[in-house]
Colleague: 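Can you keep this structure in mind? I'll have questions shortly.
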Amino acid sequence: MNLALLALLPFLGAVLPPLLIRSGRNTCALATGTVTALALSLLLVHAPAIFRGEVVRASFSWLPQAGLEASFFLDGFGFFFAFLILAIGLLIIAYARFYLSREDPMGRFYSFLLLFQGAMVGIVVSDNVLLLVIFWELTSLSSFLLIGYWRHLPEGRQGARMALVVTGMGGLALLAGLLLMAEVAGSYELTTILERGEAIRGSPLYLPILLLVLLGAFTKSTQFPFHFWLPHAMAAPTPVSAYLHSATMVKAGLFLMGRLWPVLAGTEAWFLIVSGTGLLTVLIAAWIAIFKDDLKALLAFSTVSHLGLVTMLLGLGTGTAALAAVFHILNHATFKAALFMTAGIVDHETHTRDARRLGGLVHLMPVTGTLAILAALSMAGIPPLNGFLSKELMLEEALHTTWWETGRLFPILAVAAAACSVAYSFRYIVHVFLGPPREDYPHHPHDPPAGMWLPVAILVAAVVVIGILAEPVAGPLVRVAAGALTAGAAPETPLKLWHGVTPALVASAIALLGGLVLLAAFAPLVRLREAFWRPEAKRMFDAAIEAIARAARSASAAIHDERLQRMVAWALVAILAVGLVTGWGAIAPGERPGLAPAPLGLLLWAAAIAAALAVAAFHHERLVALIVTSVVGLIVSLTFVWFSAPDLALTQLSVEIVTTVLLLLALNYLPPGSPRESAPVRRGRDVAIAALAGLGVTVLLYAILTSDFALPTISAYHLAESKPGGGGTNVVNVILVDFRGYDTLGEIIVLGIAALAIFAVLDSTFRGAAVERLRTWSHAPEAADRHPMMLVVATRVMLPLALMVGVYIFLRGHNQPGGGFIAGLVVGVALIVQYMASGWAWARARTRVDYHALIGFGVLVATATGVGSWLFDRPFLTSSYGYLHLPLVGEVELATAMLFDLGVFSTVVGVVMLVLANMARVAARAEPQQGVPTAMDSVPTPSPRAAEPAAADTRAVQEV
Amino acid sequence: MELLVASGVGVLTAVGVYLCLRGRTFPVVLGLSFLSYAVNLFLFATGRLVVGRPPIIDPAAPGYTDPLPQALVLTAIVISFGMTALVVVLALRGFLEAGSDHVDGREPGAEGRR
């Protein structure tokens with residue numbers, strides 16, 4: 001529990017700074033510091049157990065079915081990292097309070113910083129590897145936010161993006177690698193994976209796992225060739241650079257390599273890749289660092305170089321090297337965070353970070369200068385500071401390393417790298433702080449307030465104390481961390497400042513001399529370097545991103561060429577291909593006895609086929625095609641009648657009528673025919689695709705129809721429970737309004753949304769280009785009588801009858817074929833006929849119902865019915881029922897399900913009417929407004945509410 | 001009968017697919033109608049073909065057909081009406097706005113406005 005809280009605390013605390021910033025900057029910083037201090041004390045509670053060599057665990061079931069748990073563990077190595085993260089975090093928070101100016105939004109800064117801190121602690125205490133990857137990505141994201149903190153700076157935004165792209169890509173690779181590893185190890189728990197190192201190293205997947213994991217680690221820890229993003233991330237505020245980009249986040253890659261060291265290390269591949277990459281990074285980055293004039297860029301490259309050093313040590317795969325790596329992580333975190341902070345102070349005070357414009361600062365800011373010089377000496381590896389100790393350990397290891405069958409190459413390169421390190425460290429000292437004070441600083445510097453240099457002083461004190469009293473101060477911590485890292489393979493030797501005159505000391509001295517020589521020859525070296533072409537990472541990166549984007553654009557343009565027919569054809573071909581591959585051989589007719597073909601059935605079949613083919617052949621004649629299509633619809637509903645589905649037949653029939661009316665109305669304003677424009681080749685291709693699709697469906701359906709159910713169906717339950725449970729004998733209706741009422745509720749909502757969308761599309765037709773087209777629409781020859789009297793009389797007489805039928809179908813629906821859907825469609829048809837016969841204006845003037853409201857009412861009633869069951873402590877949409885005897889109609893069941901069906905009914909009526917009435921309204925717009933009303937009409941006396949829109953419409957028509 | 005139903009649904013599918021590949025909006029709308037017929041019949045038929053046994057509870061009934069696909073298809077029919085309505089309205093509006101009822105929103109060969 002405690003352990004999970006450790007990772008969660010910073011996340012929870014992240015809401016505090018933005019809230020507290022109103023109470024002032026000090027309160028805000030104090031709150032942030034308190035959160036971190038609390039997390040640190042939570043961590044230190046575990047210290048005694050950790051130093052006894054125990055492992056602390058906490059675990060929460062997440063998806064136990066999938067064997068997934070949110071599990072955390074803390075051992076020496078995790079403790080070591082968590083301690084660094086939280087302790088340095090505390091110093092950074094104090095420093096940032098004074099570093100950020102009044103204009104910077106401090107609440108946001110601290111909030112992001114705590115998010116990062118939580119993610120980072122999460123990485124080092126995760127047991128589940130998926131959890132680890134999530135925290136890993138969170139560090140990338142929070143680092144993105146922090147690098148881009150100064151949103152107005154383009155460098156900040158670009159740097160943030162670059163860091164996110166590189167580390168995000170690595171994160172994906174890491175995820176893939178860890179998933180493979182978990183697959184091989186058979187567990188997602190790190191603690192289990194760590195015990196299965198033998199199996200993983202022996203697996204054929206070892207190399208892919210190694211490469212993927214290392215890709216993640218190298219991108220995060222900026223190893224060559226991914227080293228380029230870190231210098232660009234320096235656009236971040238200096239506290240961020242000090243915290244994320246030297247002390248913690250970039251060490252996540254090292255942490256990962258260390259964490260998985262017992263699993264992955266010790267093979268030839270690990271040694272060559274990891275130590276090789278590390279050494280290459282050390283050399284390249286150290287060389288570049290010498291020539292960087294921007295102090296933060298110099299420190300950034302030196303950071304890259306030191307990360308390379310630790311990578312190299314981990315790559316060697318020996319226990320001693322691992323101990324040196326852990327020790328160097330600690331030392332580097334102390335001196336490099338201090339150096340970044342001093343660079344920030346210099347920038348803050350002189351308003352420049354350019355080494356060429358600085359010098360002599362130690363005279364003007366003695367405190368900062370002294371601290372910076374001490375930290376830089378440690379970076380150079382000068383005794384008795386802590387950087388010296390770990391560098392000695394490193395050189396000692398390098399001297400024993402054989403590489404490419406020679407024992408010389410590795411030590412020489414290592415010493416060369418150390419010499420470069422001396423050179424840039426001394427450049428930082430000499431070119432910035434030593435020498436005579438200058439007169440031309442952009443801003444006259446002096447020491448900052450104590451709040452700013454105190455965190456630096458604390459770190460530098462650590463640098464000195466660890467250097468002199470290495471064993472009592474840092475020994476136990478480093479050993480317990482290295483012991484956990486190597487699973488016990490690290491040596492127990494105490495850390496010592498003085499080992500006597502060893503080969504490592506000699507190498508160190510050579511490196512020191514070499515470095516001083518390099519610095520002395522600085523000016524000629526710069527000229528020499530200027531003479532050669534150098535790759536520019538940012539330009540290459542931008543070009544690569546641009547190339548990828550271009551490739552993606554052209555690939556999608558090739559598929560998505562804005563020709564709908566081609567795209568649909570491709571999609572169909574793809575579906576057919578998938579169907580063919582998966583279905584080939586798997587689909588075969590079964591043994592189920594079939595029904596004997598009936599003559600009438602054969603006739604209907606022939607009629608349907610003929611009608612369908614006729615539509616395909618003569619679709620250019622749209623009216624004919626539409627009418628023949630409705631014939632097919634009729635045959636479909638007859639099919640439902642035939643095969644015991646009266647409800648479906650009724651629904652299909654009424655839907656068919658509504659759809660045909662709708663399409664007729666639409667056809668009024670579309671061209672009456674389609675041009676014959678498809679080339680024979682395209683037609684042939686389409687026929688082939690269509691024939692294949694039809695054939696596939698036929699085979700599949702035939703196979704289904706001739707096979708028995710593979711699994712027992714749940715239909716028996718529905719049949720048995722329909723009457724006793726749902727109170728109705730029409731099982732289909734009971735399923736709709738009771739068993740699967742929730743689905744139906746969703747469906748009427750979808751229907752309502754579709755109707756509203758249609759309304760929105762049609763309603764705005766009366767503006768813009770469409771109006772012009774409607775007005776100039778050339779009509780087909782008009783019928784002499786637009787509203788024939790026979791039709792008008794018939795429809796008006798029929799209306800009450802049709803409504804009665806609708807009500808009847810609705811009432812009996814629970815027991816006999818019928819119900820809300822069908823009744824709604826029937827009533828809709830009855831009403832729409834009025835529009836067709838007597839015209840839109842006539843019908844509209846007599847309509848007192850707002851169809852939008854009707855849809856809303858329907859959905860609300862259905863929902864309220866469901867919610868109503870909560871009042872009786874039953875789950876949503878539980879129904880109950882009783883019976884009522886009505887004269888003439890017979891026994892009527894009064895169930896809550898009927899109320900639900902009323903909602904369905906209202907929605908369907910509303911949808912049908914909203915759609916058709918608006919379609920008719922478009923028609924009315926295009927109608928020539930002449931003496932349309934016939935002799936049949938009395939003057940309507942509409943309610944004022946209904947009259948108003950009608951009047952408005954008339955006005956609009958006149959304006960048009 | 002099984003073969004008749006299966007082949008009938010196949011033909012409806014084929015006609016639907018063919019019409020959906022046409023270049024003008026109205027045939028495409030008809031094609032979608034055909035596909036709706038085919039899909040609804042297909043789903044319905046997964047309950048197997050049974051004659052004269054509607055799922056209406058009756059003590060005298062010799063048995064019942066599978067009610068579940070019927071309930072599914074009933075709402076599917078209504079929803080496909082909603083879909084057809086939306087598509088046809090979009091087609092109409094597109095034609096009124098663009099002056100062409102080609103599915104690409106412009107006459108083939110015509111450049112310019114997309």
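Sequence lines set the chain letters: A, B, ... in the order given, protein chains first and strands last, and positions in each chain run from 1.
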Colleague: Given that the side chain runs from C-beta out, which part of A:N733 has a heavy atom under 4.5 Å from chain B: side chain, backbone, both or neither?
Modeller: neither
Colleague: What part of A:T629 lies closer than 4.5 angstrom to a heavy atom of chain B: side chain, backbone, both or neither?
Modeller: both
Colleague: Would you say the side-chain atoms of B:S100 and B:E107 include a donor-acceptor pair closer than 3.5 Å?
Modeller: yes
Colleague: Against chain B, label A:L692 side chain, backbone, both or neither, depending on which of its atoms sit under 4.5 Å from a heavy atom there.
Modeller: neither
Colleague: With a 4.5 angstrom heavy-atom cut-off, is it the side chain or the backbone of A:L719 that approaches chain B, or both, or neither?
Modeller: both
Colleague: Check whether A:L572 gets within reach of chain B through its side chain, its backbone, both or neither, counting any heavy atom under 4.5 Å.
Modeller: side chain
Colleague: With chain B as the partner, which of A:A754, A:A693, A:A616 has the greatest number of non-hydrogen pairs under 4.5 Å?
Modeller: A:A616
Colleague: Taking every heavy-atom pair that is under 4.5 Å apart, which of B:L72, B:V28, B:L74 has the most such pairs with chain A?
Modeller: B:L74
Colleague: Less than 4.5 Å to any heavy atom of chain B: does that hold for the side chain of A:A596, its backbone, both, or neither?
Modeller: backbone
Colleague: Go through the atoms of A:L602 and report whether side chain, backbone, both or neither lie under 4.5 Å from a heavy atom of chain B.
Modeller: both
Colleague: If we ignore hydrogens and angles and just use 3.5 Å, is the side chain of B:E2 paired with the main-chain N or O of A:Y702 as donor and acceptor?
Modeller: no
Colleague: Can you tell which part of B:F34 gets under 4.5 Å to a heavy atom of chain A, answering side chain, backbone, both or neither?
Modeller: side chain
Colleague: Please classify the contact between B:L19 and chain A as side chain, backbone, both or neither, with a heavy-atom cut-off of under 4.5 Å.
Modeller: side chain
Colleague: Please determine, among A:L695, A:V615, A:L650, the option with the most heavy-atom pairs under 4.5 Å with chain B.
Modeller: A:V615
Colleague: Which atoms of A:W605 are under 4.5 Å from chain B, going by heavy atoms: the side chain, the backbone, both sets, or neither?
Modeller: side chain
Colleague: Tell me if the CZ atom of A:R740 is crowded by more than 12 foreign heavy atoms within 6.0 Å.
Modeller: no
Colleague: With a 4.5 angstrom heavy-atom cut-off, could you sort out which part of A:I635 is near chain B: side chain, backbone, both or neither?
Modeller: neither
Colleague: Return the CD to CZ distance between A:E677 and B:R22, rounded to the nearest 0.5 Å.
Modeller: 9.5 Å
Colleague: Check whether B:R106 reaches the backbone of B:H102 with its side chain - one donor and one acceptor, N or O, closer than 3.5 Å.
Modeller: no
Colleague: Counting neighbours of CZ on A:F709 that are heavy atoms of other residues, nucleotides or ligands and sit closer than 6.0 Å, is the number greater than 12?
Modeller: yes
Colleague: Most heavy-atom pairs under 4.5 angstrom with chain B, which of A:F643, A:F821, A:F739?
Modeller: A:F643
Colleague: Counting N and O atoms only, with roles assigned by atom type, does the side chain of B:T13 sit under 3.5 Å from a partner on the main chain of A:G694, one being a donor and the other an acceptor?
Modeller: no
Colleague: Please state whether the side chain, the backbone, both or neither of A:A645 comes within less than 4.5 Å of a heavy atom of chain B.
Modeller: both
Colleague: Considering only heavy atoms and a distance below 4.5 Å, find which of B:T75, B:V88, B:V17 pairs most often with chain A.
Modeller: B:T75
Colleague: For each of A:A598, A:P589, A:A757, A:G633, tally heavy-atom pairs with chain B at distances under 4.5 Å, and name the one with the top tally.
Modeller: A:G633
Colleague: Using non-hydrogen atoms and a 4.5 Å limit, figure out which bit of B:L12 sits close to chain A: side chain, backbone, both or neither.
Modeller: side chain
Colleague: Please look at B:F44 and chain A and tell me whether the side chain, the backbone, both or neither of the residue comes under 4.5 angstrom of a heavy atom of that chain.
Modeller: side chain
Colleague: For chain A, which of B:N40, B:T25, B:V5 has the most heavy-atom pairs under 4.5 Å?
Modeller: B:V5
Colleague: Is chain B contacted by the side chain of A:V687, its backbone, both, or neither, given a heavy-atom distance below 4.5 Å?
Modeller: both
Colleague: Give the member of A:V731, A:V732, A:D686, A:V697 that has the highest number of heavy-atom pairs under 4.5 Å with chain B.
Modeller: A:D686
Colleague: Would you find a donor on one side and an acceptor on the other, under 3.5 Å apart, between the side chain of B:R93 and the backbone of A:V761?
Modeller: yes
Colleague: For the backbone of B:D58 and the side chain of B:Y64, can you confirm whether one donor and one acceptor N or O come within less than 3.5 Å of each other?
Modeller: yes
Colleague: Return the CG to CG distance between B:L92 and A:L762, rounded to the nearest 0.5 Å.
Modeller: 6.5 Å
Colleague: For B:L35 and B:C20, run side-chain contact (heavy atoms from CB on, under 4.5 Å): C-alpha distance rounded to whole Å, both residues' side-chain angles, the deciding distance at 0.1 Å, then the answer.
Modeller: CA-CA 9 Å; B:L35 283 180; B:C20 280; 3.9 Å; yes
Colleague: Shorter than 4.5 Å, heavy atoms on both sides: which option in B:T46, B:V11, B:V50 has the most such pairs with chain A?
Modeller: B:V50
Colleague: If I compare all heavy atoms of A:D647 with all of A:I822, which pair ends up nearest, and what's the gap?
Modeller: O-CD1, 3.5 Å
Colleague: Just give me the residue among A:L648, A:I735, A:N730, A:V636 that pairs up with chain B most often, heavy atom to heavy atom, under 4.5 Å.
Modeller: A:L648
Colleague: Considering only heavy atoms from C-beta outward, does the side chain of A:L670 approach that of A:R622 to under 4.5 Å?
Modeller: yes
Colleague: Most heavy-atom pairs under 4.5 angstrom with chain A, which of B:G52, B:S80, B:P55?
Modeller: B:P55
Colleague: Go through B:L90, B:I79, B:T84, B:T65 and name the one with the most non-hydrogen pairs under 4.5 angstrom from chain A.
Modeller: B:I79
